[in-house]
Amino acid sequence: MGFKYLNKEQDIFDGDDGEDVYANEEQLQARLAYFEAQLAGLSENAPTEDRIKNLLEIGRIQVERYKGADAWEKAFTAFTLAQDDELWELAVEACDVMFLSEGPDALVALGHALWLGITFPIDPEITVAMLQHLVEESPEEADTRAVAATVAHYITSMRCGEEDDLTFFTSQMLASVADKHSHVTDQSTFDLWRRTLELDKPDVFLKKLSGAIDQLIEGKWWIDKDKIRTKLDNENQN
């Protein structure tokens, strides 16, 4: 079994000297001014989705500019709007920006992104990105890393199919996590590792992920989970 290790370490600024950083800041300010103008130009009757997308673009730019407080403010506003209109994929994107802003409740935002990204059939690439955050936030020897990587592969297998490139990507992510977690180096050891951690049982690893999400959020829920579950159950029955 071959392993392809993922390198997610990348600085926001790729430039090696001050001139490159200065040029990039000029570009970011130009982009910021553009999206702020777009946001200001929206009429009261403009689609909520347009308002959210502009807020998120501003938030992402502010993350790149290390303006975490403003990034959080824009993203939380976007999250509230998305929640009100049940635009759950955009709500997850808003949580991602809040997490990247590194605010005091960044992990609470990540917990919401994970719960919503798994509960709703949003773009699986976004869900996988949120699970990658959890992998990267957890110690290499922690079972949470293994659970997050397993859920990522499970989600892509269900939503994309076994032959999809994203499913292949998550299989490599899981292999990398297994190697760092328990020095797994071959297929038989990998299979034993999965069985030992019960990563071959969806009902078990999904429950473990739910517990990890609860630890991230620590009771600071911004959504009504019971209301959402009831609505989903009713829709599935009809």
Side-chain angles (χ1 to χ4, degrees), residues 6-12 52 55-56 58-84 87-120 122-155 170 173-174 176-177 180-181 197 199 204-229:
L6 305 177
N7 179 15
K8 299 301 294 180
E9 298 298 326
Q10 181 177 357
D11 292 332
I12 289 177
I52 294 170
L55 284 166
L56 291 179
I58 294 170
R60 292 185 182 107
I61 293 167
Q62 294 296 61
V63 166
E64 291 190 69
R65 297 181 67 229
Y66 303 104
K67 305 291 185 181
D70 190 58
W72 178 279
E73 179 187 350
K74 297 299 188 297
F76 193 82
T77 300
F79 175 83
T80 301
L81 292 171
Q83 180 183 7
D84 290 345
L87 300 170
W88 299 118
E89 186 168 304
L90 288 173
V92 172
E93 291 188 51
C95 289
D96 183 41
V97 175
M98 284 187 274
F99 170 71
L100 295 173
S101 77
E102 299 183 347
D105 282 336
L107 293 180
V108 176
L110 177 58
H112 281 80
L114 291 165
W115 193 88
L116 291 170
I118 293 166
T119 300
F120 291 97
I122 68 169
D123 182 347
E125 194 167 335
I126 297 175
T127 302
V128 168
M130 300 307 102
L131 287 160
Q132 275 187 281
H133 287 326
L134 183 57
V135 168
E136 292 162 4
E137 285 295 310
S138 306
E140 290 187 355
E141 68 279 3
D143 290 354
T144 300
R145 283 172 60 93
V147 169
T150 298
V151 173
H153 186 60
Y154 176 75
I155 290 288
T170 57
M173 180 168 69
L174 181 57
S176 175
V177 167
K180 293 177 181 179
H181 182 278
L197 294 179
L199 301 177
V204 173
F205 63 68
L206 288 172
K207 185 175 181 179
K208 288 181 178 180
L209 181 64
S210 178
I213 291 172
D214 285 338
Q215 287 184 336
L216 290 172
I217 293 178
E218 294 184 325
K220 298 179 182 178
W221 286 100
W222 302 331
I223 57 175
D224 189 334
K225 293 189 300 176
D226 292 336
K227 182 179 178 181
I228 290 173
R229 287 195 185 106

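Please read these numbers as outputs of a predicted model, since none were measured by experiment.
Applying the side-chain hydrogen bond (donor to acceptor under 3.5 Å, both in side chains) test to every pair with at least one member in residues 138-155, sequence neighbours left out, gives these pairs: Asp143-His181, His153-Thr170. For residues 107-117, there are no salt bridge (charged side-chain N to carboxylate O under 4.0 Å, His left out) pairs, not counting sequence neighbours. For the salt bridge (charged side-chain N to carboxylate O under 4.0 Å, His left out) condition, the pairs that include at least one residue of residues 88-99, sequence neighbours left out, are Arg60-Glu93.
Ser210 is linked by a side chain to side chain contact (heavy atoms under 4.5 Å, CB included) to Asp214, counting only residues two or more places apart in sequence or in another chain. Under the rule for a side chain to side chain donor-acceptor pair (under 3.5 Å), Ser101 has no partner lying at least two apart in sequence or in another chain. With sequence neighbours left out, the side chain to side chain donor-acceptor pair (under 3.5 Å) criterion links Asp224 to no other residue. Applying the side chain to side chain contact (heavy atoms under 4.5 Å, CB included) criterion to Pro104, with sequence neighbours excluded, gives no partner residue. For the side chain to side chain contact (heavy atoms under 4.5 Å, CB included) test, no residue two or more places apart in sequence or in another chain qualifies with Glu102. With sequence neighbours excluded, no residue forms a salt bridge (Lys or Arg N to Asp or Glu O under 4.0 Å) with Asp123. Applying the ring-ring contact (aromatic ring centres under 6.0 Å, His included) rule to His133 yields the partners Phe99; only residues at least two apart in sequence or on another chain are considered. Qualifying side chain to side chain contact (heavy atoms under 4.5 Å, CB included) partners for Gln83, counting only residues two or more places apart in sequence or in other chains: Phe79, Trp88, Ile223.
Within 6.0 Å of atom NZ in Lys225, more than 12 heavy atoms from other residues, nucleotides or ligands are found, so the atom counts as buried in its surroundings.
Summarising the geometry of Ile155 relative to Pro124, their closest heavy-atom pair is CG2-CB, 4.4 Å, with the distance given to 0.1 Å. Taking each heavy atom of Leu56 and Ala78 in turn, the nearest pair found is CD2-CB, 3.8 Å. Across every non-hydrogen atom of Ala146 and Leu174, the tightest pair is O-CD1, 4.2 Å. Residues Val63 and Ala71 approach most closely at CG2-CB, 3.7 Å, considering heavy atoms. Ala149 and Val177 get closest at one heavy-atom pair: CB-CG2, 3.9 Å.
Of the inter-residue distances, the one linking Ile213 atom CD1 with Gln215 atom CD reads 11.0 Å to the nearest 0.5 angstrom. Ile122 CD1 to Leu90 CG: the interatomic distance, rounded to the nearest 0.5 Å, is 9.5 Å. To the nearest 0.5 Å, the span separating CG on Leu131 from CD on Glu136 amounts to 11.0 Å.
Judged by distance alone, with hydrogens and angles left aside, the side-chain atoms of Thr127 form no donor-acceptor pair with the main-chain N or O of Ile118 at under 3.5 Å.
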side-chain contact (heavy atoms from CB on, under 4.5 Å) evaluation trace for Val204 with Leu199: CA-CA 7 Å; Val204 173; Leu199 301 177; over 6 Å; no
side-chain contact (heavy atoms from CB on, under 4.5 Å) assessment of Ser176 paired with Met173: CA-CA 5 Å; Ser176 175; Met173 180 168 69; 5.7 Å; no
Step-by-step side-chain contact (heavy atoms from CB on, under 4.5 Å) determination, Met130 to Leu134: CA-CA 7 Å; Met130 300 307 102; Leu134 183 57; over 6 Å; no
Pair Asp226-Arg229, salt bridge (charged side-chain N to carboxylate O under 4.0 Å, His left out): steps then yes or no: CA-CA 5 Å; Asp226 292 336; Arg229 287 195 185 106; 3.5 Å; yes
Using atom types as modelled, flag every donor-acceptor pair under 3.5 Å from a side chain in residues 105-116 to any protein atom, sequence neighbours excluded.
{"unit_1": "Asp105", "atom_1": "OD1", "unit_2": "Lys220", "atom_2": "NZ", "d": "3.2"}
{"unit_1": "His112", "atom_1": "ND1", "unit_2": "Val108", "atom_2": "O", "d": "2.9"}
{"unit_1": "His112", "atom_1": "NE2", "unit_2": "Trp222", "atom_2": "N", "d": "2.8"}

